[in-house]
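Read the structure below first, then the notes.
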Amino acid sequence: MEAEEVREYIETLKEKINYHNYRYHVLDDPEIPDAEYDRLFLELKKYEDIYPHFRTPDSPTQKIGASPLEEFNSAVHTIPMLSLDNVFSSKDVSEFDKKIKRFLKREEDLEYIIEAKLDGVAVELIYENGRLKLGSTRGDGINGEDITPNIKTIRSIPLSLLPRFDPYIPKRLEVRGEVFIKVKDFKELNKIRGNSGEKLFANPRNAAAGSLRQLDPKISASRPLDFFAYGIGEIKGRNFKTHDEIFSVLPLWGIKVNSVYRLCKNINDAILYYNEIKETRDDLEFEIDGMVIKVNDLFLQLQLGTISRSPRWAIAYKFPPKQGITKIIDVEFHVGRTGIITPVAIMKPVPLGGVEISRATLHNQDEIEKKDIRTGDTVLVQRAGEVIPEVVSVIISQRTGEEKKIEFPSKCPSCGTETVRELTFYRCPEDSCPGKLKEAIKHFASKRAMNIDGLGDKIIAQIVEKKLVEDVADIYYIAPEKWAELERMAEKSAKNIMASLNRSKKTPYEKVVFALGIRHVGEHLSRVLTEHFTDIQSLSLAKKEDLIEIKEVGHEVAGSLIKYFARRSNISIIEKLKRKGIQLSRGKASPGEGKLSGKTFVFTGTLDSITREKAKSRIEELGGDVKGSVNKKISYVVLGKEPGSKIVKATELGIPLLSEEEFLHLVRE
Ligand code: IVH
């Protein structure tokens, strides 16, 4: 090959790899198998090794990590990287809005963007003519540290901007954002560190910070760092008018923007969105500690300016903290529906994430020993992704010597049967254990299962203790006067329970299967199983080899299903449910049959006249399915107001877009 040909070949390889990096890390939708990617990568490396003068600093091969540095150089921010004022109440947020209006001398509503406040490390990326030139930390806001070699190892940060969807790349672009680690990756990272005896990171933020400030870029490269942009600094050669315009263009250049944001026509809408995210933040893949509210108009931002290191045009509306310190008063042992006995710490009440908490799970004996938790200890507790709070660690310096070791009971605390040890757990083997039954009914009646309103813990405890039920199905057989006789049960609420029981008979088959509480069979697997087996009869007769043929079903799940259906008592539950008319087979609009059968939908943005949940159940009623992200198998992408970056991907893959109106038309009978 001639030198020029080699150069061109290297350029094409780089372009291809950059494009596939974008597909993989930004769109989460790889186009080629990993092996093919590796092949391209090795090919590029090979050519660069032979022709080193064609190796450029923005080559994807340079992401592996350069040689260690002695120390970081300092990097000055052209425009200072400011911090934000924090507020904790909607009253303070309204006050922020009023102040801005006073300053701007205007009365009409202001448009705001409200977006997730990521809990990571702030960085600045400088692109010149589309190439990443510098990556730095925030430092004191004016002087940061040059961490370019480390930044270059982050797989979701492009070394060059993609011109493909928006060719007007600025001459200079300063991108500001947060480097973070996803919760799942953080847990995995700590697991690996734990296994090799290394010190654990306290939280994803610390892990991100520790991984980014490494003098050896190879260490950064080995950590699962990720990035979201939240704004820009200096920009030359391109003009933006609003913050939401920035958010819609950055992804086109391959820079990830977090999709948890909304453009609001006034401050009250922003407060509503904050409340929405506050309730659902545990479902996110990354940790956020609040929301940032920003004036959308960039000209107004400029007019508003800054006061002492914080902009006047933005504010951090923080979530109530999820960690707190309290004392363990006692430890109780709780039997779950599968018989597993869990130690539960009874604590001095402490506010966590907006609610008062007085119980936390201690998981199992190994966990107690590992963390050396004792009754009387002062502990750090947190509400993490799980609803039940947990004890993170003991504050050893607060020990008085009065603390007591936690003894595991050898008998089931509910029925007194001798427990059996299974791996890290103790389990009650007794079928008729009332503790297990109470939990089984709780699960059966829960919102995501049969959704039986009014069947709370106290009522469940009474019907079990009064022996009105022997299994979950018996709740449909309790006579009305028996309900009415229960303590704290007025006639009206007895009627209400009867009505909810009746209503629950219409619960779709897949939820009924979930409600049965078969070990290892959660919501997703129930859906999968009911798609494969049209009724409970065929599911109950399925052989292990039929079950493991299903992609999502492994040996453990298959074994658990076989065990469940082999028990006479469970078959009797199913018979009893059947007799009361509970749906144990696919209805008429199950997958494969309705008008939208085989069609998959993805939503982006806010729908005006229907909630997402309603829209989802409408699609499901008609036999279709709703997915969370866009890939080439999706049939339609439905656009609400302020659609997110999914639109980019949909357009790229040529998936038909539907307006809200078109969508409503489609799902109308
Ligand atoms: S805007 C001038 N937006 O919070 C406005 N910051 O307390 C500067 N942060 O240093 C920041 N998510 O590290 C902004 N969506 C977001 C953010 C965000 C996280 C961090 C950032 C900043 C700190 C300010």
Side-chain angles (χ1 to χ4, degrees), residues 75 77-88 92-93 96 100 112-125 135-145 147 151 154 156-157 174-182 203-209 212-213 225-235 240 242-244 246-248 250-251 255-264 270 273-274 277-278 281 284-298 300-319 321 642 644-645:
H77 302 294
T78 335
I79 303 178
M81 289 183 78
L82 304 171
S83 57
L84 292 167
D85 274 348
N86 293 330
V87 292
F88 291 90
D92 293 339
V93 173
F96 159 77
I100 291 187
Y112 290 103
I113 278 244
I114 170 161
E115 58 191 64
K117 185 172 191 300
L118 284 142
D119 206 4
V121 186
V123 297
E124 177 171 78
L125 316 173
S136 56
T137 59
R138 178 175 174 269
D140 62 6
I142 295 165
N143 290 297
E145 283 168 322
I147 50 160
I151 286 288
I154 300 178
S156 53
I157 294 183
E174 295 177 358
V175 178
R176 283 157 181 206
E178 205 83 351
V179 169
F180 65 98
I181 291 183
K182 285 189 190 136
N203 52 49
R205 205 206 78 82
N206 283 1
L212 199 56
R213 293 196 70 264
L225 292 168
D226 208 332
F227 173 79
F228 274 131
Y230 56 65
I232 58 171
E234 195 182 36
I235 178 164
F240 291 120
T242 57
H243 188 69
D244 78 300
I246 298 175
F247 267 26
S248 46
L250 290 183
I255 292 180
K256 282 216 297 189
V257 165
N258 178 0
S259 63
V260 184
Y261 76 88
R262 183 175 285 177
L263 179 63
C264 301
Y273 189 60
Y274 166 94
I277 301 299
K278 189 170 85 173
R281 66 166 153 149
L284 296 175
E285 288 187 309
F286 39 84
E287 289 201 339
I288 62 176
D289 59 351
M291 300 295 285
V292 183
I293 304 178
K294 300 173 179 174
V295 169
N296 188 38
D297 186 312
L298 299 182
L300 291 183
Q301 285 190 4
L302 204 65
Q303 258 183 293
L304 284 157
T306 59
I307 16 166
S308 68
R309 316 293 310 277
S310 318
R312 238 185 229 105
W313 46 266
I315 199 139
Y317 185 6
K318 300 291 282 281
F319 292 132
E642 299 123 48
S645 56

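Counting convention: from 1, in listed order, for ligands and their atoms alike.
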Close side-chain approach of [X] and [Y], heavy atoms under 4.5 Å:
| X | Y | answer |
| --- | --- | --- |
| Ile100 | Leu300 | no |
| Asn258 | Phe180 | no |
| Lys318 | Lys117 | yes |
| Thr242 | Phe247 | no |

Query - Heavy-atom gap Ala116 to ligand 1 smaller than 4.0 Å - result: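 Per 4.0 Å heavy-atom rule, Ala116 contacts ligand 1.
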Report task. Kindly confirm or rule out an N or O of Ser83 lying under 3.5 angstrom from an N or O of ligand 1. Result ->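 There is no such contact.
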Requested in this report: Ignoring angles and geometry beyond distance, decide whether Pro311 reaches within less than 3.5 Å of ligand 1 through its nitrogen or oxygen atoms.
Outcome: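 In this structure, Pro311 places no N or O atom under 3.5 Å from an N or O of ligand 1.
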Using a strict 4.0 Å cut-off to heavy atoms of [X], name the atoms of ligand 1 that fall inside it.
| X | value |
| --- | --- |
| Arg138 | 10 (O) |
| Val292 | 3 (N), 15 (N), 16 (C), 17 (C) |
| Ala122 | 10 (O), 13 (O) |

Report task. Could you tell me whether Lys294 and Glu115 make a salt bridge, using a distance below 4.0 angstrom between a side-chain N and a carboxylate O? Result ->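 Salt bridge present between Lys294 and Glu115.
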Can you tell me the protein heavy atom closest to [atom] and the distance?
| atom | result |
| --- | --- |
| atom 12 (N) of ligand 1 | Leu118 N, 3.1 Å |
| atom 23 (C) of ligand 1 | Lys117 NZ, 4.0 Å |
| atom 3 (N) of ligand 1 | Lys294 NZ, 3.0 Å |
| atom 7 (O) of ligand 1 | Leu84 N, 3.5 Å |
| atom 11 (C) of ligand 1 | Tyr230 CE1, 3.7 Å |
| atom 8 (C) of ligand 1 | Leu82 O, 3.8 Å |
| atom 20 (C) of ligand 1 | Glu178 OE1, 3.5 Å |
| atom 15 (N) of ligand 1 | Glu115 OE2, 2.7 Å |

Report task. Indicate, with yes or no, if the rings of Tyr317 and Phe96 have centres closer together than 6.0 Å. Result ->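 They do not qualify: ring centres at least 6.0 Å apart.
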Requested in this report: Quick one: list whatever passes side chain to side chain contact (heavy atoms under 4.5 Å, CB included) with Glu178, sequence neighbours left out.
Outcome: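 Here the qualifying residues are Leu118, Ala122, Tyr230.
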Query raised in the report: Quick one: does Thr137's side chain have a donor or acceptor within less than 3.5 Å of a partner on Glu145's backbone?
Result: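 Judged by distance alone, yes, a pair lies under 3.5 Å.
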**Report entry** Expected output: side-chain His243 to main-chain Gly231 donor-acceptor under 3.5 Å
**Finding:**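 Not confirmed, His243 side chain does not pair with Gly231 backbone.
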